[in-house]
Asker: 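Could you have a look at this structure, given as structure tokens, before my questions?
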Amino acid sequence: MKKDKVQHNMKKVSVTMASQNTALWILGSLAITACGVYEPSVISINPVEYKKDKETGGFVRSVDAFQVLDKDGQYYKYPFLGGLNVPRPQFIDLDDDRDLDLLLQERTGELMYFENMGTAEEADFVWRTDRYQDLDIGEWSRLLDFDQDGDLDMLTEHPFSYIQYFQNQGTPQNAKFIAVGDSVRDVNSKPLFADRQNIPSLNDIDCDGNWDLFLGRVDGTISRYETSSKSSEEAPLFRFVEDRFQGIEIVAQLGSLHGANSMAFADLDDDGDLDFFWGDFFEPSILYLENTGSCNEPVLLGDPLPLEVEGSLSTSGYNAPTLADIDDDGDLDLFVGVLGGAFNPNLTTIKNFLFYEQVDRNFVQRSSQFIYTLDVGSESIPTLADLDDDGDLDLLVSNKIDSEDPYTARMYQFENIGSAQDPSFQEREPINLFATYHYAPAIGDLDNDGDLDMLVGTWNKGVSFYRNEGSRKEPDFVLVDTTFVKLTRGSNSTPALADLDGDGDLDLFVGESSGELNFYRNIGTPQEPSFELVSDKFQDIDAGRRSFPIFADMNEDGKKDLLLGREPGGVLLYIREGNTTDPVFVQDSTFTLPLPNYSTPSVADIDGDSDLDIFSGGLAGGVIFLENLNR
């Protein structure tokens, strides 16, 4: 597989917001044929429909609307995918074209699908949807032909920690998953319990034609069940086999600790039986145990040891392994989704989808971001402004904490090297700010000197003030005060500037952790702002948790309305009514956009077509882009 083809294909892919969001925790390779493991090359799904939907309000998501380059000049294949914090991958041929497609879970209940538009030898993954068939899959899912009728069925997590069975009532070429029953049960009709922190695995470990279900336990042991029925009408029943499968007890590197886990079974040594792979909360690597028995009589004895790779495999822990022959060269390659365990998960919020190619029986790392997307870590905030006064909008993306420096956040800077009508962004040096967490910028000319200054909200320091001591074309943001504005309560301040009372200067609104909104009137002069608190519960507006305000004229009546991002995701819209000096904001309950958790909307006409487009950050640390197609 040529890496530059996977990462540099700039083909546009856009879908309506009705089909957006993420997910699918599937571990282990289903591309393995040893010991009766399912051969996935007979499956396909419905193609995604690319059309505008009235339910989206005319906003259409695009993951690659325009080019974005990293600091080394390499293109992000999907700059606006939204980021990945806890990727859980599976590779399987979903469209029956004899190559492996990618399913990926990032968010609870959602399945992300990438179609392989390349070949079996040279993959080219094209994003199709964040919410495959709108299935609610909880925290994990597994796809297998349970009823052995030639198409793909599915087991998923059913809240909370039970197991839901979805039967494919379509065809191998056109899957349609329908929930059957309320929970998978054992032969005594007792619902099976699979702790949602532990990701199950399914295969035919003993080659007897029945699926085996393996449930990892937080004490480091494994419970094994085997299907006792494969009815095409009902959910499969499982017969309990044993609680300590093969006597395995995982003890990770931190003494006797063990915890949340994931498993994969794959024939790594090509001897016709399935070997064992384990990712544990307290294990920075992948633990491996060779099957020294046979397909009919597996033997997994001894202490699991860290899997050998070229160099080393050491992450923040809780690694989700999957193995697949991604380049069709006859051996299994290794993929690891880093979910973040005992070894500071803040360090792996960006480099967390690892790819190791198997070369001459050695695993050689090829990528730490297999899906190459703009990602700044966690809780991202995009901000658009013409920082260099060249007539187009540049992009800042700030975060909660720097993955390379755990003592501060970082504000990334992307210069628009395109134009106002055809933007293209190149990463430059980050904006230098004082060390703290959760940078949240608001940009405006606060001292009436014709250049842009900046307020920055922080985790617990209120709002800081940076004056531009440079020029309009070459800004130099110099710290004036780390606590220019203090909150009356709460944390996670998120400032927004707007002239609320029509007196010609910028007033200040600040969102914060409680979800309410603070309003500070500017009682200073055009040259020297001074903000006085008017209300810390402005008009009783409440986003629930983590309010993030932004002002924009959403209904094109010449007045700026209020949008509120929030922790649960989505966005709230409040239409501005009343007079020029004393406005009232009234919620438009019909307006909705499925933005990610910890949504941080930013609104601008990015493509010069005279309407407002929407960017948003979120928990996963990336950026989502919604193009306005109302006109």
Asker: To the nearest 0.5 Å, what is the distance between CZ on Arg410 and CD1 on Ile401?
Answerer: 12.0 Å

Asker: Between Phe265 and Phe276, does a ring pair (Phe, Tyr, Trp, His ring centres under 6.0 Å) hold up when you go through it step by step?
Answerer: CA-CA 5 Å; Phe265 290 81; Phe276 174 70; 5.3 Å; yes

Asker: Can you tell me if CG on Asp219 sees more than 12 non-hydrogen neighbours from other groups inside 6.0 Å?
Answerer: yes

Asker: At what distance, to the nearest 0.5 angstrom, does CG of Leu215 lie from CG of Asn198?
Answerer: 8.5 Å

Asker: Working to the nearest 0.5 Å, report the span between CG of Leu152 and CZ of Phe146.
Answerer: 8.5 Å

Asker: Fit a plane to each ring of Phe80 and Phe625, take the angle between them on a 0 to 90° scale, and name the class: parallel (under 30°), tilted (30 to 60°) or perpendicular (over 60°).
Answerer: tilted

Asker: Which value, rounded to the nearest 0.5 Å, describes the distance between Asn492 atom CG and Trp459 atom CH2?
Answerer: 8.5 Å

Asker: Any non-hydrogen side-chain atom of Asn261 less than 4.5 Å from a side-chain atom of Ile250?
Answerer: no

Asker: Show the numbers, then the answer: is there a side chain to side chain donor-acceptor pair (under 3.5 Å) between Ser380 and Asn399?
Answerer: CA-CA 4 Å; Ser380 50; Asn399 62 12; over 6 Å; no

Asker: Sort out for me which residue in Leu237, Asp186, Asn210 forms a side chain to side chain contact (heavy atoms under 4.5 Å, CB included) with Ser228.
Answerer: Leu237

Asker: Side chains of Tyr165 and Asp147, heavy atoms from C-beta outward: is any pair under 4.5 Å?
Answerer: yes

Asker: Among Val241, Asn203, Leu192, which residue satisfies the side chain to side chain contact (heavy atoms under 4.5 Å, CB included) criterion with Leu213?
Answerer: Leu192

Asker: Are any non-hydrogen side-chain atoms of Asp275 and Asp267 less than 4.5 angstrom apart?
Answerer: yes

Asker: Would you say OH of Tyr162 has more than 12 non-hydrogen atoms from neighbouring residues, nucleotides or ligands within 6.0 angstrom?
Answerer: no

Asker: Do Asp212 and Arg224 sit within salt-bridge range, that is, some charged N less than 4.0 Å from a carboxylate O?
Answerer: yes

Asker: What distance separates Ile326 CD1 from Asp331 CG, expressed to the nearest 0.5 Å?
Answerer: 12.0 Å

Asker: Distance from Leu202 atom CG to Phe214 atom CZ, nearest 0.5 Å?
Answerer: 8.5 Å

Asker: On the 0 to 90° scale, with breaks at 30° and 60°, tag the Phe370-Phe335 ring pair as parallel, tilted or perpendicular.
Answerer: perpendicular

Asker: Counting neighbours of CD on Glu308 that are heavy atoms of other residues, nucleotides or ligands and sit closer than 6.0 Å, is the number greater than 12?
Answerer: no

